[in-house]
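Along the sequence shown, residues carry numbers from 1. The shown structure was predicted, so the numbers you read here are calculated from the model rather than taken from an experiment. One-based numbering, in listed order, for ligands and for the atoms of each. Computed over heavy atoms, backbone and side chain alike; hydrogens, waters and symmetry mates excluded.
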Amino acid sequence: MIIAIDGPAASGKGTIARALAAHFGLPHLDTGLLYRAVGAKALADHVDFEDEAALAARAGALDLAALDPEALKSGAVGEAASRVAALPQVRATLLTVQQDFARQPGGAVLDGRDIGTVIAPHAEVKIFVTASPEARAERRYRELAGRGEPVTYDQVLADILRRDARDSGRASAPLIRAGDAVVLDNTALDRNASLTRALEIVAARTGR
Ligand code: DC
C-alpha cells in the first residue's frame, strides 16, 4: 500500500505521515528533506541559486541514509529548499530515488508536494493535508521560537505565504491537490483528531 501525503508548509503532513507509517508498519520518506538537503548544501558551498546544473549535481550526490532532519529544519534552509525545488533539473534528479522508495515491497508512506501527482500517481491512498496560513504560521512560529530562532509570528506568516506562492506557482510539479486526493483541513483540529481523520480516510479507501 502506497500512501501519498501532500500539502503546504507546516500543514502537519509530516506528523500525519509518520503516524500512519508507524500504524501500518510502513517505511516513511519525508521528501521535503531531500530538497532541504540540497538547499543546505547549496548554502554551505555558496552555490548560485541560478546555477541549475550545479544544484542538480548536489541533488545527485545526496545520500538518503545520511539525511539529518534536525540539521535541516531552520527557516533559512526551508527557504533555500523552496528555491531549489522550483528547478526542473533538481526535481528530475530526485525523481528516481523517491519512486524507488515508493515501490518497495509492501509499500511506503511519502509526504511532500507532488507525491500524489508526480511521484506516485497510482498510490492507493492520497491525502491533501492543509490548514489556514495563519494556523500554519502559528505552529511553525512556535516550533522555530522553541528552538531559539529569533523570529516573529509576522515574519513566519510572510515566509509561509511566500513559500506557498512559490511552491504552488512554479511550472515544474507545482503543489496542487491530485484529483483523487481527499482533503484533510486541520485548521480547527488538534493532532489526535487529525490523525483519527487520516485513519478514517485510509480505511475508506482500502478497508484497512
Ligand atoms: O515540506 P518542507 O517544508 O520540508 O519542504 C521544503 C521545500 O521543499 C518546500 O518549500 C517545497 C519543496 N518540496 C517540493 O517541492 N516537493 C516535495 N515533494 C517536497 C518538498
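Taking only nitrogen or oxygen atoms, main chain and side chain alike, R91 reaches within less than 3.5 Å of ligand 1. Looking at ligand 1, you won't find any N or O of Q98 less than 3.5 Å from one of its N or O atoms. On a distance-only criterion, T31 and ligand 1 share at least one N/O pair closer than 3.5 Å.
Under a 4.0 Å heavy-atom criterion, R166 is not in contact with ligand 1. Ligand 1 is never approached by E79 to a heavy-atom distance shorter than 4.0 Å.
Salt-bridge check for K126 with D180: passed, with a basic side-chain N closer than 4.0 Å to an acidic carboxylate O. A salt bridge links D45 to R58: at least one charged side-chain nitrogen sits closer than 4.0 Å to a carboxylate oxygen. A salt bridge between R91 and D114 is present, with a side-chain N of the basic residue lying under 4.0 Å from a carboxylate O of the acidic one. Salt bridge status for E149 with R140: absent, with no side-chain N to carboxylate O gap under 4.0 Å.
Those atoms of ligand 1 with a heavy atom of A81 less than 4.0 angstrom away are 6 (C), 7 (C). Each of the atoms 4 (O), 5 (O), 19 (C), 20 (C) of ligand 1 lies under 4.0 Å from some heavy atom of G32.
Ranking the protein heavy atoms by distance from atom 12 (C) of ligand 1 puts A85 CB, 3.6 Å first. Given atom 8 (O) of ligand 1, the protein heavy atom at minimum distance is Y35 CB, 3.5 Å. For atom 4 (O) of ligand 1, the nearest non-hydrogen atom of the protein is R36 NE, 2.6 Å.
L29 places none of its side-chain heavy atoms less than 4.5 Å from the side chain of D111. Contact of the L184 side chain with the F128 side chain is not registered, since no non-hydrogen atoms from C-beta on lie closer than 4.5 Å.
Cation-pi check for R83 over F49 is met; the charged atom lies under 6.0 angstrom from the ring centroid and within 45 degrees of its normal.
Looking at A9 against ligand 1, nothing comes within 4.0 Å, counting heavy atoms.
Distances from atom 5 (O) of ligand 1 to the heavy atoms of R113, K13, R83, K73 put R113 nearest.
Side-chain contact, S82 with D167: a donor N or O sits under 3.5 Å from an acceptor N or O.
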